[in-house]
A.B. asks: 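Sharing a structure here in C-alpha cells format.
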Amino acid sequence: MLREELQLLDTGPRQLRSFGITLGIAFLVVAGLLHWRDLPGEIILAGLGALFLASGLAAPKQLRPLYKPWMALAIVLGFVMTRVLLTGIFVFLFIPIGLLMRLFGKDPLRRKLDPDADTYWIPKEYDADAPERLERYY
C-alpha cells in the first residue's frame with residue numbers, strides 16, 4: 001500500500017518547489033519561536049529553513065531525494081494517527097454517550113419492539129398547502 005502510494009506521488013518541479021518552500025517556511029517559523037523563547041537550536045533550524053527555501057525557489061529538482069522519504073513518513077503518520085484519533089473519538093465520545101442514553105432509557109431510533117403496535121410507520125406532519133415545503137426536498 002505504501003509503495004503504491006509513493007509510486008503515485010507527483011515529483012514534478014511544481015510539487016518539489018511547493019515542498020521546499022513549505023518546509024523552509026516551517027523551519028524558519030520554528031526557529032523564530034525557539035529564538036523568541038530563548039531555546040537552543042534556532043541557528044540550525046534557521047539555516048535548514050533558508051536552505052530549503054532557497055532550494056525550493058532556485059533548484060527544486062535537488063529536493064527529489066528528500067521528497068519521497070518525507071512523503072512516506074507523512075503517509076505512515078497519517079495512517080496511524082487516523083486510527084488513533086478515530087479510536088479515541090469512539091472510546092471517549094460515542095461509548096459514554098451511548099451508555100448514558102441506555103442508563104436514562106433513551107431510544108432515539110425507536111428500536112424497541114411494541115407487540116401492540118399495528119405498524120411502526122411514523123407519519124410526517126406538515127402543511128400540504130404551504131409553498132415552503134417545496135423549497136427543500138432534502
Side-chain angles (χ1 to χ4, degrees):
M1 182 179 100
L2 178 63
R3 186 170 290 155
E4 293 169 3
E5 292 227 18
L6 287 175
Q7 288 174 349
L8 294 175
L9 277 178
D10 179 19
T11 57
R14 172 181 272 173
Q15 200 67 20
L16 293 172
R17 179 173 286 118
S18 174
F19 170 68
I21 292 171
T22 303
L23 208 56
I25 290 173
F27 278 140
L28 288 173
V29 166
V30 172
L33 289 173
L34 289 177
H35 179 71
W36 178 57
R37 303 285 294 191
D38 282 333
L39 296 171
E42 71 210 46
I43 296 172
I44 295 170
L45 285 178
L48 281 173
L51 185 67
F52 272 105
L53 193 60
S55 181
L57 291 171
K61 290 183 181 179
Q62 300 299 320
L63 294 173
R64 186 171 281 133
L66 296 173
Y67 180 69
K68 282 205 174 192
W70 188 271
M71 287 298 125
L73 178 66
I75 290 168
V76 170
L77 284 176
F79 180 82
V80 170
M81 289 310 297
T82 300
R83 273 99 185 131
V84 168
L85 289 174
L86 289 176
T87 302
I89 289 170
F90 187 80
V91 168
F92 295 114
L93 184 70
F94 293 127
I95 289 177
I97 289 174
L99 291 174
L100 287 172
M101 288 177 72
R102 281 191 180 201
L103 182 67
F104 291 113
K106 299 290 181 187
D107 187 18
L109 296 178
R110 300 178 186 167
R111 296 183 309 153
K112 292 181 183 172
L113 295 176
D114 184 7
D116 297 331
D118 293 333
T119 180
Y120 288 102
W121 182 264
I122 301 169
K124 183 176 178 180
E125 297 175 15
Y126 61 90
D127 185 12
D129 295 329
E132 293 86 25
R133 127 184 125 78
L134 301 173
E135 291 178 5
R136 294 186 184 178
Y137 283 107
Y138 46 90

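Remember, it's a predicted structure, so these values are computed and weren't measured experimentally.
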A.B. asks: For Tyr120, look at atom OH and say whether over 12 heavy atoms of other residues, nucleotides or ligands are found less than 6.0 Å away.
C.D. replies: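 Count over threshold, so yes.
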A.B. asks: Please give me the minimum heavy-atom distance between Ala31 and Ala46, naming the atom from each residue.
C.D. replies: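 Where Ala31 meets Ala46 most closely, the heavy atoms are CB-N, 3.5 Å.
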A.B. asks: So if you build clusters from Ile, Leu, Val, Met, Phe, Trp, Tyr with side-chain heavy-atom gaps below 4.5 Å, do Leu51 and Val29 land together?
C.D. replies: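 In one cluster with Leu51: Val29, no.
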A.B. asks: Output the distance between atom CG (Leu109) and atom CE (Met101), rounded to the nearest 0.5 Å.
C.D. replies: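 Separation between the atoms: 7.5 Å.
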A.B. asks: Tell me whether Leu99 is reachable from Phe90 by hopping between hydrophobic residues (I, L, V, M, F, W, Y) whose side-chain heavy atoms are closer than 4.5 Å.
C.D. replies: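 Yes, same cluster.
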A.B. asks: Quick check on the hydrophobic clustering: are Leu93 and Phe104 connected, directly or via other members, by side-chain heavy-atom contacts under 4.5 Å?
C.D. replies: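 Per the 4.5 Å side-chain linkage, Leu93 and Phe104 are not co-clustered.
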A.B. asks: Heavy atoms, side chains only, cut-off 4.5 Å: are Phe79 and Leu2 in contact?
C.D. replies: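 Not touching, per the 4.5 Å side-chain cut-off.
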A.B. asks: If hydrophobic clusters are built from ILVMFWY residues whose side chains come within less than 4.5 Å, do Phe27 and Leu33 share one?
C.D. replies: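 No, Phe27 and Leu33 fall in different hydrophobic clusters.
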A.B. asks: How long is the gap from CZ on Arg102 to CD1 on Ile97, to the nearest 0.5 Å?
C.D. replies: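 It is 14.0 Å, given to the nearest 0.5 Å.
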A.B. asks: Give a yes or no on whether Ile43 atom CD1 has more than 12 heavy-atom contacts from other residues, nucleotides or ligands under 6.0 Å away.
C.D. replies: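 Not more than 12 within 6.0 Å, no.
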A.B. asks: Hey, can you pull the donor-acceptor pairs under 3.5 Å for the side chains in residues 5-23, sequence neighbours left out?
C.D. replies:
from: Asp10; atom 1: OD1; to: Gly12; atom 2: N; distance (Å): 3.1
from: Arg17; atom 1: NE; to: Gly56; atom 2: O; distance (Å): 3.4
from: Thr22; atom 1: OG1; to: Ser18; atom 2: O; distance (Å): 2.7

A.B. asks: Same hydrophobic cluster for Ile44 and Leu39, using side-chain heavy-atom links shorter than 4.5 Å among ILVMFWY?
C.D. replies: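 Yes, same cluster.
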A.B. asks: Just wondering, more than 12 heavy atoms not from Lys61 lying within 6.0 Å of its NZ?
C.D. replies: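 Not more than 12 within 6.0 Å, no.
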A.B. asks: Give me the atom names and distance for the closest heavy-atom approach of Ala50 to Leu28.
C.D. replies: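 For Ala50 versus Leu28, the nearest heavy atoms are N-CD2, 4.0 Å.
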A.B. asks: What's the spacing between Lys68 NZ and Leu73 CG if we round to 0.5 Å?
C.D. replies: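 Result: 15.5 Å between the selected atoms.
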